[in-house]
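All remarks here apply to the structure that follows.
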Amino acid sequence: MNRRSPIALAACLLVATSLTGCALLRRGNDEPRPRPTDELAADTNAMFRQLWVAQRVDQYVTQGVPAGIAQTRANSDFEQQFPYALPNPR
């Protein structure tokens, strides 16, 4: 009786997981993942630039620099620190 219990339990678990669609026993999706595109890279780069420049402008404004001058300085700082980045689209 003791020998049948673990075997019966294992069989029940196997049947239950196969009927409920357990992810451990399921094969992965055969469709390949979409590859990153140039548009995605450009969007990510533009978002990074926007956030970095906004943070730098806030730092300059906190130091007492007028907002217009802070924006110009932040843009030039970005271009100096990240020369490989795409140019500002706007």
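Along the sequence shown, residues are numbered consecutively beginning with 1. This is a predicted model, so every value here is computed, not measured. Hydrogens, waters and symmetry mates are skipped; everything else that's a heavy atom, side chains included, is used.
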Inset, instruction - Determine, step by step, whether Gln55 and Leu51 satisfy the side-chain contact (heavy atoms from CB on, under 4.5 Å) criterion, reporting the C-alpha distance in whole Å, the side-chain angles of both residues, the deciding distance to 0.1 Å, and the verdict. - result: CA-CA 6 Å; Gln55 181 181 9; Leu51 293 173; over 6 Å; no
Inset, instruction - Determine, stepwise, if the pair Val57 / Trp52 fulfils side-chain contact (heavy atoms from CB on, under 4.5 Å). - result: CA-CA 9 Å; Val57 167; Trp52 193 93; over 6 Å; no
Going by atom type alone, with no hydrogens or angles, which donor-acceptor pairs under 3.5 Å involve a side-chain atom of residues 62-73 and a protein atom two or more places apart or on another chain?
unit_1	atom_1	unit_2	atom_2	d
Thr62	OG1	Asp58	O	2.7
Thr72	OG1	Gly68	O	3.1

Inset, instruction - Indicate whether any N or O donor in one side chain lies under 3.5 Å from an N or O acceptor in the other, for Asp77 and Tyr60. - result: yes
Inset, instruction - Rounded to the nearest 0.5 Å, what's the gap from CG on Leu40 to CZ on Arg35? Could you check? - result: 14.0 Å
Legend entry - Distance in Å, Asp43 CG paired with Phe48 CZ, rounded so as to fall on 0.5 Å steps: 15.0 Å
Inset, instruction - Would you give the length of the straight line joining atom CG of Asn75 to atom CZ of Arg56, rounded to the nearest 0.5 angstrom? - result: 12.0 Å
Inset, instruction - Indicate, with yes or no, if Tyr84 and Val53 share a hydrophobic cluster defined by side-chain heavy-atom contacts under 4.5 Å among Ile, Leu, Val, Met, Phe, Trp and Tyr. - result: yes
